Amino acid sequence: MIHPDIVTLGDPILKLACSKVENIAGISDHCKKMVSLLRELKGAGLAGPQIGLHKRIIVVEVRKTELFPNRIESPLYVMINPEIIKASLEVEEGWEGCFSVPGMVGLVERSKNITVKYQSQAGQEHLENFEGYLARVIQHECDHLDGYLYLEKMKDISRLSTVENYKIYEHENQLPSRSRSSTLK
């Protein structure tokens, strides 16, 4: 489903590196809109360019979903000018979706642990470590700020799937068996 407030694949704003936020007080309404939209969409993260805002802002809040009922939840993070200053060499693959690429998911390799420097809405500087799925979401959203979609981070495009097929074949670990003769018909 495409939400009317979300910028989707093909829009040039998604390919641009975002500008640093200089006036934190001036983006308060944008931050509120992003948090509200993230919760309405029941997502884990959202970046400025996804709402047409060419500023370095991300919001992240991991919640359990019907598809992922065992996810470890996180508090809400509103990160202004986030910068990943350290990323572990240890990586893991995981499935990612994106509101800007509706109906699709792909397998992406990401660092398991990251350290992020960012400012809060109050202008306070933070330096925090993140791991696991939360680290994955932050890396995904920070990519948006630099003009990248998860599709460009995939090592194997054959691991791209519709959400519906992911639910059938990947989520339930039910990969279809295909013999050579059945694929050549």
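This structure is a prediction, so every number in the text was calculated from the model and none was measured. All residue numbers refer to positions in the sequence shown, counting from 1.
Remark: the backbone N or O of Ile114 is not paired with any side-chain donor or acceptor of Ser111 at under 3.5 angstrom. Side chain of Asn23 to main chain of Gly26: a donor-acceptor pair is present (N/O by atom type, distance under 3.5 Å, no hydrogens or angles). With hydrogens and angles ignored, the 3.5 Å screen pairs a side-chain donor or acceptor of His54 with a backbone N or O of Ala17. Asn81 places no side-chain N or O within 3.5 Å of a backbone atom of Lys20 that could act as its donor or acceptor partner. Put simply, the side chain of Arg63 gets close to the backbone of Ser74: a donor and an acceptor are under 3.5 Å apart.
At most 12 non-hydrogen atoms from other residues, nucleotides or ligands lie less than 6.0 angstrom from NZ of Lys86. Counting non-hydrogen atoms of other residues, nucleotides and ligands closer than 6.0 Å to CD1 of Ile72 gives a total of 12 or fewer. Counting non-hydrogen atoms of neighbouring residues, nucleotides and ligands closer than 6.0 angstrom, the NZ atom of Lys32 reaches no more than 12 such neighbours.
Under the side chain to side chain donor-acceptor pair (under 3.5 Å) test applied with Arg110, the options Gln139, Glu92, Glu96 reduce to a single match, Glu96.
Counted by atom type alone, Glu128 and Tyr118 present one or more donor-acceptor pairs between their side chains at under 3.5 Å.
Ion pairing of Arg56 with Asp146 is present here, as a side-chain N (NZ or NE/NH1/NH2) and a carboxylate O approach within less than 4.0 Å. Ion pairing between Arg39 and Glu61 holds under the 4.0 Å rule for side-chain N and carboxylate O. Under 4.0 Å is where a charged nitrogen must lie from a carboxylate oxygen, and between Arg71 and Glu73 no such pair does.
Under the 4.5 Å side-chain heavy-atom criterion for grouping Ile, Leu, Val, Met, Phe, Trp and Tyr, Ile80 is connected to Met34 within one hydrophobic cluster.
The structure places NE2 of His144 at 14.5 Å from CD1 of Ile57, a figure rounded to the nearest 0.5 Å.
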